[in-house]
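First comes the structure, then the notes that go with it.
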Amino acid sequence: MSGKNRKLFKYDEDDILEILTEYLAEANGFDTFQSTAILLGESGKDLRLITIISDLEDDDIRSLNLEKIDVEMDFNGSHSDLYKCITKETDKK
């Protein structure tokens with residue numbers, strides 16, 4: 001291990017949700033915000049994040065049902081967009 005610069009991390013669910021939510025808020029132009037988030041599914045199988053980020057004045061955010069949103073909503077992350085592009089190209093052949 002000599003000469004290697006390694007850092008080990010172990011995060012619990014709250015840490016993971018906070019990191020992901022803060023990243024998404026910043027990437028979408030939020031300076032101050034409130035959020036609600038949940039991790040659903042099983043690691044290595046169907047793990048997914050459902051999160052809502054809104055202005056501080058959006059008091060209704062906590063009353064939204066994230067499990068229901070999960071069922072009704074398609075994936076919209078950058079990797080799901082990449083997958084859609086790849087499968088469309090494959091379908092054309």
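Positions are given from 1, in the same order as the sequence printed here.
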Distance col, row Asp15:CG vs Asp12:CG, nearest 0.5 angstrom, shows 4.0 Å
Any donor-acceptor N/O pair, Arg48 side chain to Phe75 backbone, under 3.5 Å: no
Minimal heavy-atom distance between Ala25 and Ile53, with the atoms involved, is N-CD1, 3.5 Å
Nearest heavy-atom approach of Gly41 to Asp46 is CA-OD1, 3.3 Å
Shared ILVMFWY cluster between Ile16 and Ile19, side chains joined below 4.5 angstrom? yes
Any side-chain heavy atom of Asp60 within less than 4.5 Å of one from Asp58? yes
For the side chain of Thr51 and the backbone of Thr36, is there at least one donor-acceptor N/O pair under 3.5 Å apart? yes
Taking all non-hydrogen atoms of both residues, which atom of Ser54 and which atom of Phe30 are closest, and how far apart? C-CE2, 3.7 Å
Distance, nearest 0.5 Å, that separates OH of Tyr11 from CG of Leu17: 13.5 Å
Does a side-chain heavy-atom distance below 4.5 Å link Glu42 with Leu47? no
Value rounded to 0.5 Å, distance of CD in Glu57 from CD in Gln34: 8.5 Å
Under a 4.5 Å cut-off applied to non-hydrogen side-chain atoms, are Ile69 and Ile52 in contact? yes
Picking from Asn65, Leu39, Leu66, Val71, what satisfies side chain to side chain contact (heavy atoms under 4.5 Å, CB included) with Ile50? Leu66
From the list Leu24, Leu40, Ile38, side chain to side chain contact (heavy atoms under 4.5 Å, CB included) with Leu49 holds only for Leu24
Are the side chains of Glu22 and Glu26 in contact, using a 4.5 Å heavy-atom criterion? no
